[in-house]
Amino acid sequence: MASERHSIPTLAALGWDPGWASAFLPHESAGLAPARVTAAHRGAWVVSVGPSEREAVIAGRLRFEAAGPGDLPAVGDWVAIEPVGAEGPAVITAVLPRRSALRRSNGDGRAGAGRLAAEQVLAANVDVALLVSGLDGDFNLRRLERYLTVAYAGGAAPVVVLNKVDIDDDVDAHRVAAEAVAPGVPVHAVSARTGHGLDRLADAHLRPGTTAVVLGSSGVGKSTLVNALVGAARQRTNDVRADDSKGRHTTTVRELIPIGDGALLVDTPGLRSLEVAGADDGIEAAFADVADLAMGCRFRDCGHDGEPGCAVRAALDTGTLDPGRFDSYRKLEREAARAVRQADPFARAEERRRWKAIHKSVGVHMKHKYGEG
Ligand code: GDP
Ligand code: ZN
C-alpha cells in the first residue's frame, strides 16, 4: 500500500507546533483530528496525518460557506478532519487560519465575482521562499525584485539563491548586486548541478518542520535544485492516488514533499513561476529603501513625479537610488494596481466613479453606459 511504500513524516515533522495546536483546540474538543494537506487537485485532496496519508474530500458545509476558491483547502493548509475508519476518504471540515499564503489572482473579473472569488491559494503556510536566479546570461536584478515582492506578499521569508556558480566567473560581483536589491535578505551562491553550497543552504533555511517553496523564472535551475534537495525521496513519493469528489480514482502528484533533514517543499504547478499580479502588499517590503526615502518627501502622498521637496527624486539625482530599481518599483506598482482593478469589481466601480468625476469637471457632457449615481 501507498503508506508503506512512502516515508511519511510525523505530525511534528510536517510543521505542527504549539501555535497550530492551540489554533486547533476548538476542533479537538469537537472530536476532530489535525492533518496537513499534501496535495490538492480539482476537488480531490490528500492529507497527511503524520503516520499515514489519506485521500480526502471536503464537508458540504465547508464548500457551501467558502466565499471563493481561496477559502478551500490548499496545499500546506492545516485542516480538521472527521475521525475516519479504514475505508473511504477523510472528510475535511475546517481549515485553520493561515499564517501565510501564496496567491494568484486569476484576474478574469467575472461580474459580481469579487476579489475573493478570483483568488486562488497556490500554497499555504509557507515559511521560506527560495528565489532562484541563474548566474548565466539571464541573471536579472529586476526579476529578482519581482520575486522578492511575491515572497513578501505571500508572507514567506525570502532567501536569494544564486544558482549555477559552477559556470560563473564573477560570483562576488553578482552576490553584491543581489544584496543591493535585496537588503537584509540572505544570499546563497550554489550549484544545483554539482551540489556546491546546498548543504549550507539547507542547514540555514530548511530546518525540520520548515515549509519552503522554490520560485524563479524558467531556466534558472528550479527543477534541478528541487531534485537535488529532494534527492531520491521524490522518486519514491511522487504520485499518490486520490478520490475526487465524485468518487472517481485519480492519480495526484504529491505537492508537499519531505526533503532531506525534515523540511518540506511545496511544489505545485503554477507556483514556481508565480507573477507579481496581486502582490501589492509585497512591494512596500521588497522596496523598503524606496519607502524609507518617500518618508522624507514633503508631501505624504508624493507621487515622485516632480513634486517639490521630493526625497526620492533627490536620491535619483544624487545616484543614491538606482533609476533601474526605481523604474522596477514603478512598474510593479502599476501591475499590482491593474491586477486589483481587474479582480475587484469594487475597485473597478471606484475607477469608473473617478472617470465620471473627471468627465464632469472638464465639462464633457456625455451619456455613458454606467448611468448616473
Ligand atoms: P527550471 O526551468 O528553472 O526548472 O530550470 P532547470 O532545472 O530545468 O534547468 C535549466 C537548465 O539549467 C538545464 O539545462 C540545467 O541542466 C541547467 N542547470 C541547472 N542548474 C545548474 C547548475 O547549477 N549549473 C549549471 N551549469 N547548469 C545548471
Ligand atoms: Zn517624492
Side-chain angles (χ1 to χ4, degrees), residues 15 76 99-102 122-135 138-166 168 171-231 256-268 271-276 279 281-289:
R99 289 182 188 168
S100 66
L102 289 158
L122 296 175
N125 304 318
V126 173
D127 306 303
V128 169
L130 303 178
L131 311 181
V132 186
S133 298
L135 288 179
D138 274 343
F139 183 61
N140 184 322
L141 295 172
R142 304 288 87 90
R143 240 186 266 146
L144 177 52
E145 287 166 335
R146 256 170 200 281
Y147 284 106
L148 277 168
T149 303
V150 169
Y152 284 123
V159 173
V160 174
V161 177
L162 306 177
N163 187 32
K164 310 193 188 186
V165 284
D166 55 301
D168 183 37
V171 178
D172 288 339
H174 285 139
R175 177 194 287 277
V176 168
E179 281 167 353
V181 300
V185 177
V187 177
H188 285 255
V190 308
S191 169
R193 179 172 284 176
T194 68
H196 174 91
L198 295 186
D199 282 349
R200 191 185 294 185
L201 173 68
D203 286 349
H205 305 292
L206 302 173
R207 286 180 284 258
T210 299
T211 302
V213 291
V214 172
L215 304 178
S217 313
S218 174
V220 298
K222 294 180 301 297
S223 309
T224 313
L225 178 67
V226 167
N227 287 334
L229 291 172
V230 174
L256 186 71
I257 310 158
I259 58 172
D261 293 329
L264 301 137
L265 198 67
V266 182
D267 193 17
T268 69
L271 184 59
R272 289 184 185 184
S273 57
L274 192 58
E275 283 297 343
V276 75
D281 306 342
I283 294 172
E284 188 102 344
F287 293 88
D289 52 343

If the condition is side-chain contact (heavy atoms from CB on, under 4.5 Å), which residues does Ala182 pass it with, not counting sequence neighbours? Leu148, Val160, Val185
Heavy-atom pair of closest approach, residues Pro186 and Pro158: CD-O, 3.8 Å
For Tyr152, what residues pass the ring pair (Phe, Tyr, Trp, His ring centres under 6.0 Å) criterion, not counting sequence neighbours? none
Which heavy atom of Leu264 sits nearest to which heavy atom of Ile259, and what is that distance? N-CG1, 4.3 Å
Quick one: does Lys222's side chain have a donor or acceptor within less than 3.5 Å of a partner on Ser217's backbone? yes
Residue that, paired with Ser191, satisfies side-chain contact (heavy atoms from CB on, under 4.5 Å) out of Asp168, Leu198, Val165, Leu225: Val165
Are the side chains of Thr224 and Asn163 in touch, meaning some heavy atoms are under 4.5 Å apart? no
Residue pairs fulfilling salt bridge (Lys or Arg N to Asp or Glu O under 4.0 Å) with at least one residue in residues 150-164, sequence neighbours excluded: Asp136-Lys164
Above 12 or not: heavy atoms from other molecules or residues under 6.0 Å from CZ of Arg142? yes
Spatial distance of atom NE2 (His174) from atom CD (Glu179) [nearest 0.5 Å]: 13.0 Å
With a 4.5 Å limit on heavy-atom distance, are the side chains of Val171 and Leu162 in contact? no
Nearest heavy-atom approach of Ala123 to Val266 is CB-CG1, 3.7 Å
Would a 4.5 Å heavy-atom cut-off, applied to side chains only, mark Leu130 and Leu229 as touching? yes
Which heavy atom of Gly154 sits nearest a heavy atom of Ser100, and at what distance? O-CB, 3.0 Å
Can you give me the closest heavy-atom contact between Leu131 and Ala151, atom names plus distance? CD2-CB, 4.2 Å
Looking only at non-hydrogen atoms, find the nearest pair between Gly209 and Asp127 and report the distance. O-OD2, 4.0 Å
If we ignore hydrogens and angles and just use 3.5 Å, is the side chain of Asn125 paired with the main-chain N or O of Arg99 as donor and acceptor? yes
Under the criterion side chain to side chain contact (heavy atoms under 4.5 Å, CB included), I'd like the reasoning laid out for Asp166 against His196: C-alpha separation, chi angles, the key distance, then a yes or no. CA-CA 8 Å; Asp166 55 301; His196 174 91; over 6 Å; no
